[in-house]
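Heads up: the structure comes next, in structure tokens.
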Amino acid sequence: MRETNHSMVTEFIFLGLSNSQELQIFLFVFFFVFYVGMVLGYLLIVITVASDSHLHSRMYFLLVKLSVIDLCLSSVTIPKMIADFFSKLKIISFKGCLGQMFLLHFFGGRELVILIAMAFDRYVAICKPLHYTTTRCGSVCVGIVVAAWGTGSLHSVSQLAFVVNLPFRGPNEVDSFYCDLPRVIKLACTDTHRLDIMVIANSGVLIVCSFVLLVISYTIIPVTIYRPSDRSSKALSTLTAHITVVLLFFGPCIFIYGWQFTIKSLDKFLPVFYSVLTLLLNPIIYTLRNKDMKTAMRWLRK
């Protein structure tokens with residue numbers, strides 16, 4: 001421990017994924033390749049949509065927004081984790097820890113809004129196509145962006161309010177590779193049970209309610225278009241990609257923020273899955289399951 005029981009903690013120490021030097025070298029190469037692939041994948045999506053006029057629609061506007069948010073979300077934790085593989089003490093300052101938590105929940109809140117907007121956009125486009133074509137794209141997109149920024153800001157500030165005034169005077173070792181609310185509040189010198197309940201009431205309820213809303217939305221759409229045709233098969237292919245991304249995003253979040261009991265076997269796996277694997281799979285899913293994107297990428301390559 002670097003702090004005494006009588007002084008405020010000024011830094012936290014990450015325990016990381018492993019203490020083995022050989023394994024850390026392997027993990028460095030593994031996550032470095034993953035991160036580079038992730039960045040290139042998201043940039044490819046943004047460049048493809050920007051360069052092809054056929055993709056200048058509301059659905060692809062939301063896809064670009066989601067890609068930028070995912071890129072920012074991954075950059076909050078992964079570069080620090082990669083750099084720490086060469087450090088004996090994986091240290092982050094108290095303010096740096098607060099900054100990580102703020103940005104994680106800021107971008108996470110924005111992503112939640114974008115995913116809901118994408119589900120509603122697909123519902124209107126598939127189930128009410130006439131209404132979809134008459135709706136002004138610009139005003140809707142501006143509204144979505146404002147809602148995403150507002151939700152992300154409000155959610156991150158409310159999360160930070162839990163931590164900023166907590167008394168951290170004792171342990172300062174975080175059993176993870178990044179700062180997140182459920183792990184950090186356990187280090188406070190106070191009864192954290194009530195804080196755990198407040199985290200579930202804030203993040204947990206928000207995530208579960210959004211997930212249920214998305215499940216209902218994506219259930220209504222296939223029922224509405226259940227008839228064999230080229231249009232319905234294309235719509236179902238797009239929906240499959242959207243549903244897969246929703247499950248990858250909300251699955252780990254529900255266990256991390258909405259489940260009070262720790263599952264040891266998933267304790268280290270879920271943060272890695274949520275912070276790395278999910279964000280890596282998103283651009284792959286959206287490009288491989290979308291014929292328009294694949295066509296535009298082939299044109300861009302020529």
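FYI, the numbering just counts along the sequence from 1.
In terms of modelled atom types and a separation under 3.5 Å, the side chain of Tyr42 and the main chain of Leu279 share a donor-acceptor contact. Side-chain atoms of Arg183 come within 3.5 Å of backbone atoms of Asp175 as a donor-acceptor pair (strictly under, hydrogens ignored). The closest donor-acceptor contact from the side chain of Ser93 to the backbone of Gly96 lies under 3.5 Å. Checked by atom type and distance alone, the side chain of Glu11 never pairs as donor or acceptor with a backbone atom of Ile91 at under 3.5 Å. Ser158 places a side-chain N or O within donor-acceptor distance of the main-chain N or O of His155, the cut-off being under 3.5 Å.
The closest side-chain heavy-atom distance from Trp299 to Thr48 is not below 4.5 Å. Counting heavy atoms from C-beta on, the side chains of Ile116 and Phe120 never come closer than 4.5 Å. Between Met293 and Tyr60 there is a side-chain heavy-atom pair separated by less than 4.5 Å. Within the 4.5 Å cutoff, the side chain of Glu111 has heavy atoms near those of the Leu66 side chain. The shortest distance between side-chain heavy atoms of Tyr35 and Ser75 falls below 4.5 Å.
His54 pairs by the side chain to side chain donor-acceptor pair (under 3.5 Å) definition with Asp52, not counting sequence neighbours.
When every heavy atom of Ile82 is checked against every heavy atom of Phe86, the shortest pair comes out as O-CD1, 4.3 Å. Nearest approach of Cys253 to Ile207, heavy atoms of both residues: CB-CD1, 3.8 Å. Of all non-hydrogen atoms in Ser153 and Ser156, the two that sit nearest each other are O-OG, 3.0 Å. Residues Leu104 and Cys179 approach most closely at CD1-O, 3.4 Å, considering heavy atoms. Heavy-atom minimum distance, Ala119 versus Leu214: CB-CD2, 3.4 Å. When all heavy atoms of Leu55 and Ala296 are compared, the pair lying nearest together is CD1-CB, 3.7 Å.
Each of Val146 and Trp149 belongs to its own hydrophobic cluster when Ile, Leu, Val, Met, Phe, Trp and Tyr are linked at side-chain heavy-atom distances under 4.5 angstrom. Note on Val64: it clusters hydrophobically with Ile47, by side-chain heavy-atom contacts below 4.5 Å among ILVMFWY residues. Connection of Val157 to Leu160 is established within a shared hydrophobic cluster, with ILVMFWY side chains joined at heavy-atom distances below 4.5 Å, either directly or through further cluster members. When the side chains of ILVMFWY residues are joined at heavy-atom separations under 4.5 Å, either directly or via intervening members, Val124 and Val142 end up in two distinct hydrophobic clusters. Tracing side-chain contacts under 4.5 Å through hydrophobic residues (I, L, V, M, F, W, Y), one never reaches Val113 starting from Val68; they form parts of separate clusters.
A side-chain contact (heavy atoms from CB on, under 4.5 Å) with Val184 holds for exactly one of Val163, Leu98, Leu166; it is Val163.
By the 30° and 60° cut-offs, the orientation of the rings of Phe85 relative to Phe31 is parallel.
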Ring pair (Phe, Tyr, Trp, His ring centres under 6.0 Å) between Phe12 and Phe168, worked out: CA-CA 10 Å; Phe12 292 102; Phe168 293 99; 5.6 Å; yes

Stepwise side chain to side chain contact (heavy atoms under 4.5 Å, CB included) check, Ile78 with Phe34: CA-CA 10 Å; Ile78 298 178; Phe34 265 49; over 6 Å; no

CA sep, side-chain torsions, deciding dist, call: Thr151, Leu112, side chain to side chain contact (heavy atoms under 4.5 Å, CB included): CA-CA 9 Å; Thr151 302; Leu112 192 147; 5.5 Å; no

Side chain to side chain contact (heavy atoms under 4.5 Å, CB included) between His105 and Leu181, worked out: CA-CA 10 Å; His105 289 279; Leu181 195 61; 4.3 Å; yes

Criterion side chain to side chain contact (heavy atoms under 4.5 Å, CB included) on Phe177 and Leu15, from CA distance to verdict: CA-CA 7 Å; Phe177 57 90; Leu15 298 184; over 6 Å; no

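For the atom pair CD1 of Ile92 and CD of Gln100, the computed distance is 4.0 Å after rounding to the nearest 0.5 Å. For the atom pair Lys80 NZ and Lys90 NZ, the distance stands at 9.5 Å (nearest 0.5 Å). In this structure, OG1 in Thr278 is found 9.5 Å from CE in Met38, a value given to the nearest 0.5 Å. Expressed to the nearest 0.5 Å, how far CD1 of Ile114 lies from CZ of Phe249 amounts to 11.0 Å. With rounding to the nearest 0.5 Å, the separation of CE in Met81 from CG in Leu27 is 8.0 Å. Distance CG/Leu71 to CG/Leu43: 6.0 Å, rounded to 0.5 Å.
For the disulfide (SG to SG under 2.5 Å) condition, no pair includes a residue of residues 47-83, sequence neighbours left out. Residue pairs that meet the side chain to side chain donor-acceptor pair (under 3.5 Å) test with at least one member in residues 208-221, sequence neighbours left out, are Tyr218-His242.
Around atom CZ of Phe94, more than 12 heavy atoms belonging to other residues, nucleotides or ligands sit under 6.0 Å away.
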